[in-house]
Amino acid sequence: MKKPTKKAAPKRKSVMKGGKIDKAMLPSRHVTEGPERAPHRSFYYAMGLTEKEIHQPFVGVVTTWNEAAPCNITLGRQAQWAKKGVKAAGGTPREFTTITVTDGIAMGHQGMKSSLISREVIADSTELTVRGHCYDALVGLAGCDKSLPGLMMAMVRLNIPSVFMYGGSILPGRFRGKDVTVMDVFEGVGKYAAGEMKPADLHELECVACPSAGSCGGQFTANTMACVSEAIGLALPGSAGAPAPYETRDQYAEASGKQVMELIRLGIRPRDIVTRKALENAARVVAATGGSTNGALHLPAIAHEAGIRFDLDDVARIFKSTPYIADLKPGGRYVAKDMYQIGGVQVVLNELFKGGYIHGDCLTVTGKTIEQNLKGVKFPKDQDVVRPITNPITPTGGVVGLKGNLAPRGAIVKVAGMHRLKHVGPARVFDSEEAAFEAVQAKKYKEGDVIVIRYEGPKGGPGMREMLSTTSAIYGQGMGEKVALLTDGRFSGATRGFCVGHVGPEAAVGGPIGLIKNGDIVTIDAVKGILSVDVSAREMAARKKKWKPRKTEYQSGALWKYAQTVGDAHDGAVTHPGGKAEVECYADI
């Protein structure tokens, strides 16, 4: 193993003068310094700030706290500790909040159309708050699926010194001697519909499945992106692990507040950290933990903010060459708390590093490299939550990319925990999730079918809904291993089974998924990475001539606005030109 190296931040004008931070070199000078800013300062005096505090660096402490779901309700508490850390290190914290849409509650109805769109609103609103008030740095705390990437996107976009922190996972519930998560409740609905679960049993399960504050406990999207935050270098090592109720989270929050002040002094910014190598490290961790397919949507979006081209093809290539080593739900047996108890994502990172899969020279918010951060991490004995890199669960990642005449721009499927990796069957086509769910509840499908749910992509939804209610109903009916699903929308991180999402181009723009018909034979091969339909190019061209765009019911408001600007899932479903088109970086104003 090569000797650890410390990667220096790029040379730029220092903010330090005489051993102290020079406010004249920071964005907040525009609201606090000089006689012309007297009116601005008067507002800060009104909020109880002292003259000293006004002339210190301003650090935004942003959370997605709200009462929408258990994912978010501890974030306010943790924010207070982050503010203490900022104060102790010589900064002036300015707390603010932004929205969250919680997938578990939005799932299975029209509300899910708001979910992915919330990622953009979170990033945009954070950017606007920071720009409007000229904050110098950012600490961000998030809990739900889209709030994690949303805040990381904002950090990279603004490029001011930033530290991200996950709010923590929920504790597992206990149902008749077994650990359970909300996924079991969704699948319980399917069992109830199939007559295999009594109403009283379903009620008992729903009452115990989510026993605390925190994000869904399996390796669903929130915990996947929490692992990403450490792997990509934007979060302190170990900060992703502890469940939300644990007081150790408060210590990490305080440390995050202190560290953001150190990043100001060192001149380390998010784009120094989020490089192509760091993105590759993040993709490795998604694959190695059997993480959510949504990782393939959010990593390209984060890269886009930095002006780095890192699309679904790049992510899929890394997934394919990464061993799957963490036995986590939904495909495996364990939950986030179990991985925390054996050492957290640092154990996974260290195994990947030992195997040569991780770039150890990537800079992180500690001011040190990944390799330096991993020094001292040991593989825990007497556990099987995480396997040694020499004995993986499978030699390739838990998530696989697909391409073919049905998905020229790619698609993705989670294979963690699956026993069959190929499915050939007739298409059973639905033009909305509601239509598909209704057919599934009525059992109007057959073993071997490929259930196609289309016009649910970023534009066509609009909003690219997740389909957990439908997939869980199928599993609850005992058909999870006997059919396949295919959509230009998304599947929840809690989804399991042969479920292919992100099919592109989407139906709304005339992609092949919008041209297939009932009975067309579809081939899904997760070994060869193929997604194809047995229809000739001539026939597909003829169908394309007859195809007409569909109008959604959303012709005003936020969903309409999103549909006008959103791009392909292949590139992260982004809504603006990104860092590559940037003329002036906010951090340099």
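Only heavy atoms go into these numbers, but all of them, side chains included; no hydrogens, no water, no symmetry mates.
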Return the [atom1] to [atom2] distance between [X] and [Y], rounded to the nearest 0.5 Å.
{"X": "Asn405", "Y": "Thr523", "atom1": "CG", "atom2": "OG1", "value": "9.0 Å"}
{"X": "Ile302", "Y": "Arg119", "atom1": "CD1", "atom2": "CZ", "value": "8.5 Å"}
{"X": "Lys517", "Y": "Arg543", "atom1": "NZ", "atom2": "CZ", "value": "4.5 Å"}
{"X": "Glu67", "Y": "Ile73", "atom1": "CD", "atom2": "CD1", "value": "8.0 Å"}
{"X": "Leu485", "Y": "Phe491", "atom1": "CG", "atom2": "CZ", "value": "4.5 Å"}
{"X": "Asn72", "Y": "Thr102", "atom1": "CG", "atom2": "OG1", "value": "5.0 Å"}

Within a strict 4.5 Å, meaning less than it, do heavy atoms of the [X] and [Y] side chains meet?
{"X": "Leu402", "Y": "Val413", "result": "yes"}
{"X": "Ile474", "Y": "Ile451", "result": "yes"}
{"X": "Cys499", "Y": "Lys414", "result": "no"}
{"X": "Glu466", "Y": "Asn294", "result": "yes"}
{"X": "Thr129", "Y": "Val62", "result": "no"}
{"X": "Thr64", "Y": "Leu75", "result": "yes"}
{"X": "Pro300", "Y": "Asp571", "result": "no"}
{"X": "Phe430", "Y": "Arg454", "result": "no"}

I'd like to know if the side chain of [X] and the backbone of [Y] have a donor-acceptor N/O pair within less than 3.5 Å.
{"X": "His423", "Y": "Gly448", "answer": "yes"}
{"X": "Asn223", "Y": "Gly218", "answer": "yes"}
{"X": "Lys459", "Y": "Val566", "answer": "yes"}
{"X": "Asp184", "Y": "Thr181", "answer": "yes"}
{"X": "Thr126", "Y": "Ala123", "answer": "no"}
{"X": "Ser162", "Y": "Ile160", "answer": "yes"}
{"X": "Glu230", "Y": "Ala240", "answer": "yes"}
{"X": "Arg157", "Y": "Met152", "answer": "no"}
{"X": "Ser472", "Y": "Ser469", "answer": "no"}
{"X": "Arg271", "Y": "Val156", "answer": "yes"}

Where [X] and [Y] come nearest, the two heavy atoms and their spacing:
{"X": "Ala231", "Y": "Val285", "answer": "CB-CG2, 3.6 Å"}
{"X": "Ala407", "Y": "Val503", "answer": "CB-CG1, 4.0 Å"}
{"X": "Gly291", "Y": "Thr224", "answer": "CA-OG1, 3.4 Å"}
{"X": "Ala287", "Y": "Phe319", "answer": "CB-CD2, 3.6 Å"}
{"X": "Arg420", "Y": "Gly480", "answer": "NH2-O, 4.2 Å"}
{"X": "Phe96", "Y": "Val130", "answer": "CZ-CG2, 4.3 Å"}

Self-check item: Salt bridge present between Glu120 and Lys146 (N-O < 4.0 angstrom)
Solution: no
Donor on one side chain, acceptor on other, [X] and [Y], under 3.5 Å:
{"X": "Ser292", "Y": "Thr221", "answer": "yes"}
{"X": "Thr289", "Y": "Gln219", "answer": "yes"}
{"X": "Ser321", "Y": "Arg284", "answer": "yes"}

Practice problem: Taking the six-membered ring of Tyr455 (Phe, Tyr or Trp), confirm whether the NZ or CZ of Arg550 is under 6.0 Å from its centre and within 45° of its axis. | Solution: yes
Pair up each side-chain donor or acceptor in residues 188-196 with any protein partner under 3.5 Å, not counting sequence neighbours, and list the distances.
none

Quiz prompt | Check against side chain to side chain contact (heavy atoms under 4.5 Å, CB included), Val61 and Leu141 | solution = CA-CA 8 Å; Val61 178; Leu141 300 97; 4.1 Å; yes
Practice problem: Report the C-alpha separation of Lys403 and Asp313 in whole Å, then their side-chain angles, then the decisive distance to 0.1 Å, and conclude whether the salt bridge (Lys or Arg N to Asp or Glu O under 4.0 Å) test is met. | Solution: CA-CA 9 Å; Lys403 268 197 172 181; Asp313 295 337; 3.1 Å; yes
Flag yes if more than 12 heavy atoms outside [X] fall under 6.0 Å of its [atom1] atom; otherwise flag no.
{"X": "Glu553", "atom1": "CD", "result": "no"}
{"X": "Glu539", "atom1": "CD", "result": "yes"}
{"X": "His109", "atom1": "NE2", "result": "yes"}
{"X": "Trp547", "atom1": "CH2", "result": "yes"}

Practice problem: Evaluate the side chain to side chain contact (heavy atoms under 4.5 Å, CB included) criterion for residues Leu116 and Leu297: first the C-alpha distance (whole Å), next the side-chain angles of each, then the deciding distance (0.1 Å), finally the verdict. | Solution: CA-CA 10 Å; Leu116 184 58; Leu297 195 68; 3.8 Å; yes
Quiz item: Are Val500 and Ile524 close enough, and set up right, to give a side chain to side chain contact (heavy atoms under 4.5 Å, CB included), and what steps lead you there?
Solution: CA-CA 9 Å; Val500 180; Ile524 308 168; 3.8 Å; yes
Exercise. Could you walk me through whether Lys446 and Asp449 pass salt bridge (Lys or Arg N to Asp or Glu O under 4.0 Å), step by step?
Key: CA-CA 6 Å; Lys446 297 177 182 177; Asp449 279 354; over 6 Å; no
Quiz item: So Gln78 and Tyr166, side chain to side chain donor-acceptor pair (under 3.5 Å) or not? Walk me through it.
Solution: CA-CA 10 Å; Gln78 294 179 48; Tyr166 180 41; over 6 Å; no
Quiz item: Going through the distances and angles, do Tyr586 and Glu127 end up as a side chain to side chain contact (heavy atoms under 4.5 Å, CB included)?
Solution: CA-CA 9 Å; Tyr586 164 76; Glu127 176 196 357; over 6 Å; no
Quiz item: Would His576 and His304 count as a close aromatic pair, with their ring centres under 6.0 Å?
Solution: yes
